[in-house]
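Scope of the values below: all heavy atoms of this structure, side chains included, with no hydrogens, waters or symmetry mates. Letters go in sequence order (proteins before strands), and every chain restarts at 1.
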Number of protein chains: 2
Amino acid sequence: MGAALIPLAEVLNRLTKVFREEGYDSATLSRLSQATGLGKASLYHYFPGGKEEMAKAVLERSNQRFHEMVIAPLCSDAPPGERLDKMIDNLDAYYAGGEESCLLGVLAMGGNVGLFHEHIKQGLASWMRSLADVLKQAGFADDEAQIRAEDAIFRIEGALLVGRGLGEAAYFRRMLAQLKRQMVQVTTQ
Amino acid sequence: MGAALIPLAEVLNRLTKVFREEGYDSATLSRLSQATGLGKASLYHYFPGGKEEMAKAVLERSNQRFHEMVIAPLCSDAPPGERLDKMIDNLDAYYAGGEESCLLGVLAMGGNVGLFHEHIKQGLASWMRSLADVLKQAGFADDEAQIRAEDAIFRIEGALLVGRGLGEAAYFRRMLAQLKRQMVQVTTQ
DNA sequence: GTCTATACACCGATAGAC
DNA sequence: GTCTATCGGTGTATAGAC
């Protein structure tokens, strides 16, 4: 023995799946060991800090992938409307049409949320900022852009939560379609 | 010994607090025992089905209280706009201005969500229906009313999730204020 | 109706061989 | 870098006295 059985990236992929589906508390070392094909002691070789370090590594990587897929398109030089549409399309892909839960949301609603506050903040802050910036460029005042950015995030996280709670993914896509129409829509009254 | 130390209703209150703050998986019998002041064996006297039965009892009771505080005002004979305002005010009270998590949401994002699908559906369905009915009475077409009802629920659950994840309750109240203005607002474009 | 004491499985984590 | 074996602790749940 001695050679790595699977690349570290693949280990992280499989850990991510378990944490996302089962949450921090239910994701036991036995499950994580089984999912990766590595013994518990081998997991401690990669993550000396144990389960907590695994979850944080997985959340960091998830934030990074989210940044590439969802946030980066908001920073292109395309017209604001196109950038928002691209974000929404990529959200659909990222969450597999609502079939997959939000890891950040799962950890946020778990019993050990305190362990992850900083990682969660890091994951949400740049998204919120980039989204608000695009809305400003689309012509909204600073306050209105900020409110709309927060609001879009609430709807996305809320739809994923409801979908998971009911075991029904369809809510997510319906919400995304709405969002596409309303994101830059002007309101009256 | 023999006499009940505290009424069952108070036992349920304290169990609710633990499940809402820590989630199903982190809420250990030791914590539940400590929070109620009852020994583990006494908890099994009230809930022979153990932790699962405790969580279901607590969720049922939470749904019931939610119905009284939030859904019932939607069914009064006041004008639709007033009914919606009343719901929003009571949501603020129910969630203590965003300081308290949504028990249903916590269980929905936990690792044993499958145990609670039916209870979650029961909790969300009548809310969604009552909300959509009010919006129809406010003049929206059936489809539009349904969409708006779902959307409001997504925003509420999403704001509670983000608030919990960041340890920052203020998002919730800001969202509620927005919701009050937009719920029956007509859109253009 | 409440308690103490306990059963037994599994938890997260570590030691040490290869 | 991986494993088996094992540690001490805690998990859910139960038995049985009062």
Side-chain angles (χ1 to χ4, degrees), chain A residues 1-59 61 103 106-107 110-116 119, chain B residues 1-59 61 106-107 110-116:
Chain A
M1 305 176 195
L5 294 184
I6 55 175
L8 180 58
E10 180 58 20
V11 170
L12 284 166
N13 286 343
R14 299 188 189 186
L15 294 179
T16 301
K17 188 160 184 286
V18 177
F19 281 115
R20 192 178 51 218
E21 289 173 3
E22 312 189 9
Y24 183 72
D25 309 301
S26 293
T28 67
L29 285 184
S30 301
R31 276 289 291 120
L32 296 165
S33 168
Q34 176 206 344
T36 54
L38 294 173
K40 295 182 196 178
S42 298
L43 287 174
Y44 275 86
H45 170 73
Y46 290 109
F47 308 97
K51 199 168 104 159
E52 184 175 331
E53 186 177 339
M54 294 181 216
K56 286 181 175 172
V58 146
L59 183 49
R61 198 150 158 292
L103 173 66
V106 165
L107 297 177
N112 292 284
V113 53
L115 292 177
F116 306 111
H119 286 77
Chain B
M1 304 175 193
L5 295 184
I6 55 175
L8 179 57
E10 180 58 20
V11 170
L12 284 166
N13 286 344
R14 300 187 189 187
L15 293 179
T16 301
K17 189 158 183 287
V18 177
F19 280 117
R20 191 179 51 219
E21 289 173 3
E22 313 190 8
Y24 183 72
D25 309 301
S26 293
T28 67
L29 285 186
S30 301
R31 277 289 292 119
L32 296 165
S33 168
Q34 176 205 345
T36 54
L38 294 173
K40 296 180 195 178
S42 299
L43 287 174
Y44 275 86
H45 169 73
Y46 290 108
F47 308 97
K51 197 168 104 159
E52 184 176 331
E53 187 177 337
M54 294 180 218
K56 286 180 175 172
V58 148
L59 183 48
R61 196 149 160 295
V106 165
L107 296 177
N112 291 285
V113 52
L115 293 176
F116 306 111

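- For A:Leu38, taking side-chain heavy atoms from C-beta onward, the closest of the listed nucleotides C:dT2, D:dC3, D:dG11 is D:dC3.
- In this structure, CD1 in A:Ile6 is found 8.5 Å from CG in A:Asn13, a value given to the nearest 0.5 Å.
- Atom C1' of nucleotide D:dA13 and atom CZ of B:Arg31 are separated by 19 Å, given to the nearest angstrom.
- Atom-to-atom distance recorded for A:Leu103:CG and A:His119:NE2 is 11.0 Å, nearest 0.5 angstrom.
- Taking atom CG of A:Asn112 as the reference point, atom P of C:dC11 lies 16 Å away to the nearest angstrom.
- The OH atom of B:Tyr24 sits 14 Å away from the P atom of D:dG11 (whole-angstrom rounding).
- Residue A:Tyr44 places none of its side-chain N or O atoms closer than 4.0 Å to OP1 or OP2 of C:dT14.
- Using a 4.0 Å heavy-atom criterion, one finds that A:Gly37 contacts the sugar-phosphate atoms exclusively.
- In this structure, of D:dA13, D:dG11, C:dT14, it is D:dA13 that holds the atom nearest to the side chain of B:Lys40.
- Rounded to an integer number of Å, the gap from A:Asp25 CG to D:dT10 C1' is 14 Å.
- Between the C1' atom of C:dT2 and the CG atom of B:Leu8 lies a distance of 15 Å, rounded to the nearest Å.
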Full working for side chain to side chain contact (heavy atoms under 4.5 Å, CB included) between B:Leu12 and B:Tyr46:
CA-CA 10 Å; B:Leu12 284 166; B:Tyr46 290 108; over 6 Å; no
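- In the set D:dG11, C:dA13, D:dT2, the nucleotide with an atom closest to the side chain of A:Leu5 is D:dT2.
- Of the candidate nucleotides C:dC3, C:dA15, D:dA13, C:dA15 has the atom nearest to the side chain of A:Ala41.
- Between the CD atom of B:Glu10 and the P atom of C:dG1 there is a distance of 17 Å, rounded to whole Å.
- Ring planes of A:Phe116 and A:Tyr24: perpendicular class, angle over 60° (limits at 30 and 60°).
- Between C:dG1 and B:Ser42, no contact under 4.0 Å exists linking OP1 or OP2 to a side-chain N or O.
- Nearest nucleotide to the B:Leu29 side chain, out of C:dG12, D:dT12, D:dT2: D:dT12.
- Picking from D:dT12, C:dG12, C:dG1 the nucleotide with the shortest atom distance to the side chain of B:His45 gives C:dG1.
- For A:Ser30 and C:dC11, the shortest distance from a side-chain N or O to OP1 or OP2 is below 4.0 Å.
- If you measure from atom OH of B:Tyr46 to atom P of C:dC3, you get 10 Å, rounded to the nearest angstrom.
- Between atom CG of residue B:Asp25 and atom NZ of residue B:Lys51 there is a gap of 6.0 Å, rounded to the nearest 0.5 Å.
- Nucleotide D:dG11 holds its C1' atom 12 Å from the CG atom of B:Leu32, rounded to whole Å.
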